[in-house]
Amino acid sequence: MSPWTRPLLLLCLILALFGTPARAQLPMPAPAPASPSEASPEVPAPPEHLSSPRRTLQTFMEAVPQASPLRPDLETQVRSTLDLEALNPVTRNERGAEVARRLHSVLQVLEVSPSELPETSQEETVVVARAPSGEMTMTRRPDGSWVFSRHTVEVIPAIYAELVSQGKISSPGQDMPTMLRSSFLGLIAWQWLTLVFLVLITAVLNRVLVALLQRLGNRWLQRHQFQADERVLHQVVRPVGWLVACLVWMAILPMLQLPETLLVVLLFATRFLAASAWVLTAYYSIDLFSLYFARLADRKDSRMDEMLVPLLRRTLKVTIVVLGLIFVAQNLNINVWSLFAGFSIVGAAVALAGQDTVKNLFGSITVLLDRPFQVGDWVNIGGVDGIVEDLGFRSTRIRTFYSSLITLPNAQLLTASVDNYGQRQFRRYKTTICVQYSTPPEKLEAFCEGIRELVRQHPHTRKDEFYVYVNEMGVSSIDILLNIFFACPDLSTELRGRHRLIMEILRLAAELEVEFAYPTSTVHLPKEEKALPRPAGLTAKEMTAHEELGRQAARRVAILSDQASPS
């Protein structure tokens, strides 16, 4: 028997016992009768103004005369009574408004009244009126609402043209001279003149409006004592002029009865420019508001606001760009959400590729919440030592002390330890002053006390804790420990304080005739001399006198430093 025979027989047995034919022979329970609510799901009720042919026609006849760009609610209501799905999405609203006006004129000429239509109807289609060029009908949608059918939208131009030819409806160009009604390159002469007039009037309107807004903006800034660059204000108001010009074009273009292709191109360009003008106005307004908030931040002592303003400016600009792209796409009738659904296919790859970006973003949020440092602080992050210059989305820029600029990814801030020297209350300074062994003890006492007095007189030192003592007897010098603390807000003040203290110590040593030691080696050869008696130590009174001598010398040195240092 083959090694595969036994597993195959076992598989056939399993299929025979649990396969589909065996299950088909088993008695199945009869399905329970469905309840009325389960058998026919509840259909939402249609809108009240479209619930019957009569109410739809009544709504249409009342809303069309008052519909205008100033009443967008009525324009939307008029479009809801028409089936415009067959029209081009780019020109659907404009063509819908034109069809509605023509249909309204046709119904008035034919004297169609809402009372002639039924309040309820079991039919799916109801005839509204008949004309030689076709009939106008209403159809019932699946939700129960009644609208003018797609066929009606298609035959309205022919019916309207027929009534115009019969003289029952006056055409916009009917009373114009023959020269203005002549055709040239697919357009009538009066259409060409209207387009040229639109170009000229919008160009003039744009210049006048921008100049007016610029002047009003400058006055407002001067009134509030706000210093802003005129270029920034001009960038804000210039798109407003283009926006107003585009709105004028969007209001007049549907009235020109242009060919479909030309109207699509012009409306597409106008909507694109209008949406772009909105986005640019919001984008450049962020710079103006950032200058205002930066001025408020300058009034506060916290430098965290100075770091927060640039980050918020970048965040708002990125947000405006993203929302602006969505806004422009929606105004161009592009289904943005379907694009997002397509992007989800590659979402995993984008997530893997952008994980470092997400980490950097969380790093910047961590800095804003925890505030481990501010702009201008001297920090040490992961071995990077320097002054913080800028905090961005992705990285933090640190200026090192050898004038290079290091870009540190914010993701490192999530795990790295931040040593912030800029947040020190006191800055320690520790050094050793080496004097010669030939210095008498009384001069050492005077010199040490004089240094203490210099520390007391210094404007940037901590007075309650400092140490100046003879600390070591070195190989070639007597070592005096100087351990003090500077109370300084920044490194520049600390360096100036160190400079002043060291110069004062040098002057004090010169006045007390204390000489500093150098690393030297001295070989002493024994001599056969009689040992001299050791001098007796200083008494307490003599010791006090030497200390007072050192303090007086230190005061004189400090006075000279105060006179020499700039105020």
Side-chain angles (χ1 to χ4, degrees), residues 33-89 91-171 254-255:
S35 61
S37 60
E38 294 177 351
S40 57
E42 184 178 355
V43 179
E48 183 66 23
H49 64 285
L50 303 177
S51 58
S52 67
R54 180 182 299 176
R55 293 189 180 183
T56 298
L57 182 58
Q58 183 177 359
T59 300
F60 178 82
M61 299 298 291
E62 293 176 354
V64 170
Q66 302 178 8
S68 67
L70 299 179
R71 293 295 305 273
D73 55 333
L74 293 180
E75 286 190 339
T76 303
Q77 191 174 19
V78 170
R79 288 194 297 268
S80 67
T81 62
L82 302 171
D83 187 355
L84 305 175
E85 295 298 327
L87 299 182
N88 192 317
T91 60
R92 181 173 295 167
N93 293 340
E94 289 74 18
R95 287 301 189 194
E98 181 181 356
V99 169
R101 287 193 297 268
R102 292 185 175 185
L103 177 60
H104 185 267
S105 300
V106 169
L107 293 177
Q108 284 185 326
V109 170
L110 299 180
E111 298 181 353
V112 178
S113 173
S115 59
E116 299 177 4
L117 299 183
E119 180 66 30
T120 59
S121 176
Q122 301 298 325
E123 303 293 333
E124 298 295 327
T125 303
V126 173
V127 177
V128 178
R130 288 184 173 86
S133 300
E135 63 180 11
M136 293 163 283
T137 60
M138 284 189 185
T139 58
R140 179 163 50 191
R141 287 180 171 176
D143 61 351
S145 60
W146 288 87
V147 295
F148 285 96
S149 64
R150 187 175 304 182
H151 172 74
T152 303
V153 175
E154 294 175 354
V155 300
I156 278 298
I159 299 176
Y160 183 83
E162 178 184 359
L163 295 178
V164 168
S165 63
Q166 296 175 1
K168 297 181 179 180
I169 298 178
S170 60
S171 176
M255 304 177 185

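Note that the structure is predicted; figures quoted are calculated from it, not measured.
Here the OG1-CE distance, from Thr81 to Met61, works out to 11.0 Å after rounding to the nearest 0.5 Å. Between atom CE of residue Met136 and atom CD1 of residue Ile156 there is a gap of 5.5 Å, rounded to the nearest 0.5 Å. Separation of atoms OG (Ser113) and CD (Gln108) is listed at 12.0 Å; rounding is to 0.5 Å. Separation of atoms CZ (Arg140) and OG (Ser121) is listed at 6.0 Å; rounding is to 0.5 Å. Distance check: Leu103 CG to Leu57 CG gives 8.5 Å after rounding to the nearest 0.5 Å.
The environment of CD in Glu111 is sparse: at most 12 heavy-atom neighbours from other residues, nucleotides or ligands sit within 6.0 Å. Atom CD of Glu119 has more than 12 neighbouring heavy atoms from other residues, nucleotides or ligands inside a 6.0 Å radius.
For Arg54, there are no side-chain hydrogen bond (donor to acceptor under 3.5 Å, both in side chains) partners at least two apart in sequence or on another chain.
Nearest approach of Val126 to Pro118, heavy atoms of both residues: CG1-CD, 4.1 Å. The shortest heavy-atom contact between Ser133 and Ala158 is OG-O, 3.8 Å. The two residues Ala100 and Val78 have their closest heavy-atom pair at CB-CG1, 3.4 Å. Scanning both residues, Ala129 and Val112, for their nearest heavy atoms gives CB-CG2, 3.6 Å. Contact record, Leu117 with Pro53: CD1-O, 3.6 Å, taken as the closest heavy-atom pair.
Donor-acceptor pairing under 3.5 Å is lacking for the side chains of Thr59 and Thr56. Looking at Thr125 and Thr137, their side chains never bring a donor and an acceptor atom within 3.5 Å of each other.
Pairs of residues two or more places apart, or lying in two chains, that qualify as ring pair (Phe, Tyr, Trp, His ring centres under 6.0 Å) and include a residue from residues 114-149 are Phe60-Phe148.
Taking a cutoff of 4.0 Å between a charged side-chain nitrogen and a carboxylate oxygen, Glu154 and Arg150 do not qualify as a salt bridge.
Inter-residue side-chain proximity for Asp143 and Leu50 is flagged as unmet; no heavy-atom pair is nearer than 4.5 Å.
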Decide yes or no on side-chain contact (heavy atoms from CB on, under 4.5 Å) for Val128 and Thr152, but give the supporting numbers first.
CA-CA 10 Å; Val128 178; Thr152 303; over 6 Å; no

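Val147 pairs with exactly one of Leu82, Thr139, Leu84 by the side-chain contact (heavy atoms from CB on, under 4.5 Å) rule, that one being Thr139.
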